[in-house]
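Contents: one structure, followed by commentary.
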Amino acid sequence: MDTEDWVELCGGDLDAYRGAVASGNFMAMRRAAYARETAEDSAKLARLIEIVEEAMSNRRKVVVFSFFRDVLQTVANQLGDRCIGQITGSVAPAGRQLLVDQFTARLDPAVLVSQIEAGGVGMNMQAASVVILTEPQWKPSTEDQAIARCHRMGQVYPVEVHRLLAENTVDQRMLEVLAEKSQLFDAYARRS
(Lines give C-alpha, C1' and ligand atoms only; values in the text may rest on other atoms or scores of the structure.)
Protein backbone atom coordinates (compact mmCIF):
# COMPACT_ATOMS: atom_id res chain seq x y z
CA MET A 1 0.00 0.00 0.00
CA ASP A 2 1.47 3.34 -1.08
CA THR A 3 0.27 6.55 0.54
CA GLU A 4 1.14 10.11 -0.32
CA ASP A 5 1.01 11.95 3.00
CA TRP A 6 0.56 15.61 2.07
CA VAL A 7 1.16 18.19 4.78
CA GLU A 8 1.04 21.97 4.81
CA LEU A 9 4.10 23.83 6.04
CA CYS A 10 3.39 26.50 8.63
CA GLY A 11 5.36 28.39 11.25
CA GLY A 12 8.98 27.30 11.60
CA ASP A 13 9.14 24.91 8.67
CA LEU A 14 7.47 27.44 6.37
CA ASP A 15 9.98 30.10 7.43
CA ALA A 16 12.85 27.68 6.73
CA TYR A 17 11.39 26.85 3.32
CA ARG A 18 10.94 30.51 2.39
CA GLY A 19 14.52 31.20 3.47
CA ALA A 20 15.79 28.36 1.27
CA VAL A 21 13.77 29.67 -1.68
CA ALA A 22 15.07 33.22 -1.13
CA SER A 23 18.65 31.93 -1.14
CA GLY A 24 18.02 29.81 -4.25
CA ASN A 25 19.35 26.71 -2.47
CA PHE A 26 17.51 23.76 -4.00
CA MET A 27 18.90 21.17 -1.59
CA ALA A 28 17.91 23.33 1.38
CA MET A 29 14.39 23.59 -0.09
CA ARG A 30 14.18 19.78 -0.22
CA ARG A 31 14.98 19.40 3.48
CA ALA A 32 13.58 22.65 4.91
CA ALA A 33 10.62 20.81 6.43
CA TYR A 34 13.02 19.27 8.97
CA ALA A 35 15.14 22.37 9.66
CA ARG A 36 13.41 23.22 12.94
CA GLU A 37 14.07 19.78 14.46
CA THR A 38 10.88 19.49 16.53
CA ALA A 39 7.49 18.08 15.66
CA GLU A 40 5.88 21.28 16.92
CA ASP A 41 7.70 23.25 14.20
CA SER A 42 7.64 20.67 11.40
CA ALA A 43 4.50 19.29 9.78
CA LYS A 44 6.44 16.51 8.06
CA LEU A 45 8.18 15.48 11.27
CA ALA A 46 4.86 15.51 13.13
CA ARG A 47 3.31 13.25 10.48
CA LEU A 48 6.35 10.95 10.56
CA ILE A 49 5.99 10.55 14.32
CA GLU A 50 2.27 9.79 13.94
CA ILE A 51 3.06 7.04 11.42
CA VAL A 52 5.77 5.59 13.67
CA GLU A 53 3.52 5.61 16.72
CA GLU A 54 0.70 3.91 14.81
CA ALA A 55 3.08 1.26 13.44
CA MET A 56 4.58 0.60 16.85
CA SER A 57 1.14 0.30 18.45
CA ASN A 58 0.48 -2.42 15.87
CA ARG A 59 3.82 -4.12 16.76
CA ARG A 60 5.38 -3.27 13.39
CA LYS A 61 8.89 -2.12 12.54
CA VAL A 62 9.67 0.95 10.46
CA VAL A 63 12.45 2.03 8.10
CA VAL A 64 12.82 5.76 7.40
CA PHE A 65 14.73 6.75 4.25
CA SER A 66 16.13 10.17 3.38
CA PHE A 67 18.79 11.43 1.02
CA PHE A 68 20.02 13.83 3.72
CA ARG A 69 22.07 12.99 6.81
CA ASP A 70 20.83 16.02 8.74
CA VAL A 71 17.23 14.92 8.17
CA LEU A 72 18.09 11.45 9.48
CA GLN A 73 19.75 12.96 12.54
CA THR A 74 16.67 15.10 13.23
CA VAL A 75 14.41 12.05 12.88
CA ALA A 76 16.65 9.93 15.11
CA ASN A 77 16.77 12.67 17.76
CA GLN A 78 12.97 12.97 17.78
CA LEU A 79 12.44 9.21 18.00
CA GLY A 80 14.93 8.70 20.82
CA ASP A 81 15.34 5.08 21.91
CA ARG A 82 12.71 3.91 19.41
CA CYS A 83 15.43 4.39 16.77
CA ILE A 84 18.09 1.69 16.91
CA GLY A 85 20.57 3.43 14.61
CA GLN A 86 21.43 5.17 11.38
CA ILE A 87 22.76 3.69 8.18
CA THR A 88 24.74 6.30 6.27
CA GLY A 89 27.43 6.31 3.66
CA SER A 90 30.06 6.63 6.39
CA VAL A 91 29.04 3.32 7.99
CA ALA A 92 31.07 0.43 6.61
CA PRO A 93 29.11 -2.41 4.96
CA ALA A 94 29.74 -4.71 7.94
CA GLY A 95 28.41 -2.02 10.29
CA ARG A 96 25.33 -1.57 8.13
CA GLN A 97 24.63 -5.29 8.23
CA LEU A 98 25.13 -5.31 12.01
CA LEU A 99 22.48 -2.57 12.38
CA VAL A 100 20.07 -4.50 10.15
CA ASP A 101 20.71 -7.68 12.16
CA GLN A 102 20.05 -5.84 15.45
CA PHE A 103 16.88 -4.33 13.97
CA THR A 104 15.70 -7.77 12.81
CA ALA A 105 16.52 -9.48 16.11
CA ARG A 106 14.78 -6.89 18.27
CA LEU A 107 11.52 -8.35 19.57
CA ASP A 108 9.89 -4.99 20.21
CA PRO A 109 8.85 -2.61 17.43
CA ALA A 110 11.70 -0.36 16.36
CA VAL A 111 12.79 2.19 13.78
CA LEU A 112 15.87 2.13 11.58
CA VAL A 113 16.82 5.31 9.69
CA SER A 114 18.88 5.17 6.55
CA GLN A 115 20.30 7.28 3.80
CA ILE A 116 18.39 6.08 0.77
CA GLU A 117 21.56 5.42 -1.25
CA ALA A 118 23.40 3.65 1.59
CA GLY A 119 20.60 1.36 2.77
CA GLY A 120 18.50 1.20 -0.33
CA VAL A 121 20.67 -1.25 -2.24
CA GLY A 122 21.83 -4.74 -1.36
CA MET A 123 20.34 -5.02 2.12
CA ASN A 124 17.44 -7.13 3.33
CA MET A 125 15.20 -5.28 5.76
CA GLN A 126 12.22 -7.62 5.67
CA ALA A 127 11.71 -7.15 9.41
CA ALA A 128 10.22 -3.74 8.53
CA SER A 129 6.72 -3.57 7.15
CA VAL A 130 6.41 0.24 7.16
CA VAL A 131 8.59 2.44 4.96
CA ILE A 132 8.69 6.22 5.25
CA LEU A 133 10.28 8.33 2.52
CA THR A 134 10.99 11.78 3.96
CA GLU A 135 11.21 13.55 0.60
CA PRO A 136 10.81 12.64 -3.08
CA GLN A 137 13.86 11.43 -5.01
CA TRP A 138 14.83 12.49 -8.52
CA LYS A 139 15.16 8.91 -9.67
CA PRO A 140 12.08 6.74 -9.07
CA SER A 141 14.37 3.70 -9.21
CA THR A 142 16.10 4.94 -6.05
CA GLU A 143 12.80 4.86 -4.16
CA ASP A 144 11.85 1.53 -5.74
CA GLN A 145 15.13 -0.09 -4.69
CA ALA A 146 14.80 1.23 -1.13
CA ILE A 147 11.22 -0.04 -0.82
CA ALA A 148 12.27 -3.39 -2.26
CA ARG A 149 14.60 -3.89 0.75
CA CYS A 150 11.45 -4.66 2.76
CA HIS A 151 9.74 -6.77 0.07
CA ARG A 152 11.96 -9.80 0.62
CA MET A 153 11.46 -13.47 1.35
CA GLY A 154 10.44 -13.75 4.97
CA GLN A 155 8.24 -10.64 4.95
CA VAL A 156 5.08 -11.62 6.80
CA TYR A 157 3.14 -8.34 6.59
CA PRO A 158 1.97 -6.26 3.65
CA VAL A 159 4.45 -3.39 3.31
CA GLU A 160 3.05 0.12 3.80
CA VAL A 161 4.90 2.94 2.07
CA HIS A 162 4.41 6.54 3.18
CA ARG A 163 5.76 9.39 1.06
CA LEU A 164 5.92 12.60 3.09
CA LEU A 165 5.17 15.57 0.83
CA ALA A 166 4.62 19.27 1.49
CA GLU A 167 2.00 21.20 -0.45
CA ASN A 168 3.07 24.21 -2.53
CA THR A 169 6.75 23.32 -2.28
CA VAL A 170 9.48 21.82 -4.41
CA ASP A 171 8.04 18.39 -3.49
CA GLN A 172 4.98 19.11 -5.61
CA ARG A 173 7.06 20.35 -8.54
CA MET A 174 9.39 17.35 -8.37
CA LEU A 175 6.43 14.98 -8.65
CA GLU A 176 5.12 16.91 -11.66
CA VAL A 177 8.52 16.68 -13.40
CA LEU A 178 8.81 12.98 -12.57
CA ALA A 179 5.32 12.31 -13.97
CA GLU A 180 6.26 14.12 -17.20
CA LYS A 181 9.49 12.09 -17.48
CA SER A 182 7.57 8.89 -16.90
CA GLN A 183 5.07 9.75 -19.65
CA LEU A 184 7.90 10.55 -22.08
CA PHE A 185 9.66 7.30 -21.27
CA ASP A 186 6.47 5.27 -21.65
CA ALA A 187 5.77 6.89 -25.02
CA TYR A 188 9.34 6.20 -26.16
CA ALA A 189 9.26 2.60 -24.90
CA ARG A 190 5.99 1.89 -26.73
CA ARG A 191 7.45 3.19 -30.01
CA SER A 192 10.60 1.12 -29.50
Side-chain angles (χ1 to χ4, degrees), residues 2-7 9 12-14 16-21 23-39 41-49 51-52 62-79 83-93 95-96 99-100 103 111-125 128 130-151 159-182:
D2 283 20
T3 303
E4 290 184 354
D5 289 274
W6 288 94
V7 299
L9 302 183
D13 55 3
L14 182 58
Y17 183 75
R18 286 179 175 158
V21 170
S23 71
N25 186 334
F26 179 70
M27 297 306 254
M29 288 180 227
R30 291 186 62 206
R31 62 184 190 263
Y34 302 93
R36 295 296 186 231
E37 300 186 8
T38 65
D41 291 326
S42 169
K44 276 192 178 184
L45 193 53
R47 180 63 187 130
L48 184 145
I49 290 170
I51 295 165
V52 167
V62 180
V63 176
V64 177
F65 287 109
S66 178
F67 182 81
F68 303 102
R69 284 182 171 190
D70 56 343
V71 170
L72 294 177
Q73 187 62 54
T74 297
V75 170
N77 290 345
Q78 282 295 297
L79 295 175
C83 178
I84 66 143
Q86 296 181 51
I87 295 175
T88 67
S90 64
V91 177
R96 296 175 195 183
L99 281 170
V100 171
F103 179 67
V111 180
L112 182 63
V113 299
S114 176
Q115 268 188 304
I116 199 160
E117 297 283 344
V121 177
M123 309 214 57
N124 293 327
M125 300 178 182
V130 177
V131 175
I132 302 173
L133 301 166
T134 60
E135 72 281 322
Q137 303 302 310
W138 273 123
K139 294 187 330 188
S141 61
T142 302
E143 289 184 7
D144 295 343
Q145 288 174 351
I147 294 164
R149 302 306 98 208
C150 298
H151 286 288
V159 175
E160 290 180 22
V161 178
H162 293 270
R163 288 177 172 80
L164 300 180
L165 304 162
E167 296 173 359
N168 302 311
T169 68
V170 70
D171 291 356
Q172 196 166 344
R173 182 63 185 134
M174 285 179 72
L175 292 182
E176 291 167 2
V177 170
L178 289 169
E180 290 168 11
K181 283 183 176 182
S182 179

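Inspection of the Ser90 and Arg69 side chains reveals an N or O donor paired with an N or O acceptor under 3.5 Å. If you check the side chains of Glu135 and Gln137, you find a donor sitting under 3.5 Å from an acceptor.
Of all non-hydrogen atoms in His162 and Asp5, the two that sit nearest each other are ND1-OD2, 2.8 Å. Smallest separation of non-hydrogen atoms from Leu178 and Pro140: CD2-CD, 4.0 Å. Of all heavy-atom pairs between Val100 and Leu112, the closest is CG2-CD2, 4.2 Å. For the residue pair Leu45 and Ala39, the shortest heavy atom distance occurs at CD2-N, 3.9 Å. Nearest heavy atoms, Leu72 versus Thr88: CD1-CG2, 4.4 Å. Closest approach of Ala35 to Ala16, counting heavy atoms only: CB-CB, 3.7 Å.
Taking 4.5 Å as the limit, every side-chain heavy atom of Cys83 sits out of range of all side-chain heavy atoms of Gln78. Proximity of Met29 to Thr169: side-chain heavy atoms (C-beta onward) are nowhere separated by under 4.5 Å. Using a 4.5 Å cut-off on side-chain heavy atoms (C-beta onward), Val62 and Ile51 make no contact.
Atom CD of residue Gln115 and atom CZ of residue Arg96 lie 8.5 Å apart, to the nearest 0.5 angstrom. From Phe65, atom CZ reaches atom CG of Leu133 across 7.5 Å, with rounding to the nearest 0.5 Å. Atoms CZ and OG1, from Arg31 and Thr74 in turn, are 10.0 Å apart once rounded to the nearest 0.5 Å. With rounding to the nearest 0.5 angstrom, the CG atom of Asn77 is 11.5 Å from the OG1 atom of Thr38. Atom CD1 in Ile147 sits 10.5 Å away from atom OG1 in Thr142 (nearest 0.5 Å).
The backbone N or O of Phe68 lies less than 3.5 Å from a partner atom in the side chain of Ser66, making a donor-acceptor pair. Under a 3.5 Å cut-off, the side chain of Arg47 and the backbone N or O of Ser42 do not form any donor-acceptor pair. A distance-only check finds a donor-acceptor pair linking the side chain of Tyr34 to the backbone of Thr134 [under 3.5 Å]. At distances below 3.5 Å, at least one donor-acceptor pair connects side-chain atoms of Asp13 with backbone N or O atoms of Ala43. Judged purely by atom type and a 3.5 angstrom limit, Gln86 has no side-chain atom pairing as donor or acceptor with the backbone of Ser114.
Residues passing the side-chain contact (heavy atoms from CB on, under 4.5 Å) test with Asp2, sequence neighbours excluded: Val161, Arg163. Applying the salt bridge (charged side-chain N to carboxylate O under 4.0 Å, His left out) criterion to Asp41, with sequence neighbours excluded, gives no partner residue.
A cation-pi arrangement is present between Arg30 and Phe67 under the rule of less than 6.0 angstrom and at most 45 degrees off the ring axis.
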Exercise. For side-chain contact (heavy atoms from CB on, under 4.5 Å), just list the numbers for Lys44 and Val71, CA-CA rounded to whole Å, side-chain angles, deciding distance to a tenth of an Å, and then say yes or no.
Key: CA-CA 11 Å; Lys44 276 192 178 184; Val71 170; over 6 Å; no

